[in-house]
Amino acid sequence: MKGDRVEIVVDAGDTTRTYEVIATRAGRRVETAVRRGVVEVSEVTRNGTVVRTARFMSTRVLALVEQPVPREVEQAD
């Protein structure tokens, strides 16, 4: 959903760097996957089309923090 975001903290040698991938429009979501030593964070549309992707070596990733937007709970009548 719009506003969902994932923060990635990466070891960059003598320092750390923080990257963010944010769902920028309504209906988009952020998905994470770890495959073959690579962490992949993608912004995806409703029908599954990848808009943009960030890839990092898993040995360099220190933290992967998913921060969903708080959603209102609908009450059944």
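Model, not experiment: these values are computed from the prediction.
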Visitor: As an exercise, state the distance from CD of E66 to CG of D4, rounded to the nearest 0.5 Å.
Guide: 9.0 Å
Visitor: Quick one: salt bridge (Lys or Arg N to Asp or Glu O under 4.0 Å) pairs with a partner in residues 47-58, sequence neighbours left out?
Guide: E40-R55, E43-R52
Visitor: Can you run down the salt bridge (Lys or Arg N to Asp or Glu O under 4.0 Å) pairs that involve residues 14-24, sequence neighbours left out, and say none if there aren't any?
Guide: R5-E20
Visitor: Hydrophobic clusters here meaning ILVMFWY residues chained together by side-chain heavy-atom distances under 4.5 Å, can you tell me if F56 and V34 are in one?
Guide: yes
Visitor: Under the side chain to side chain contact (heavy atoms under 4.5 Å, CB included) test against L64, which residue among V9, V41, V10 passes?
Guide: V41
Visitor: With the side chain counted from C-beta on, respond yes when I8 and V39 share a heavy-atom pair under 4.5 Å apart, and no when they do not.
Guide: no
Visitor: Tell me whether I22 is reachable from V44 by hopping between hydrophobic residues (I, L, V, M, F, W, Y) whose side-chain heavy atoms are closer than 4.5 Å.
Guide: no
Visitor: What closest approach, in Å, do T45 and N47 show between heavy atoms, and which atom pair accounts for it?
Guide: OG1-OD1, 2.6 Å
Visitor: For S42 versus T53, what's the shortest heavy-atom pair and its separation?
Guide: OG-OG1, 3.3 Å
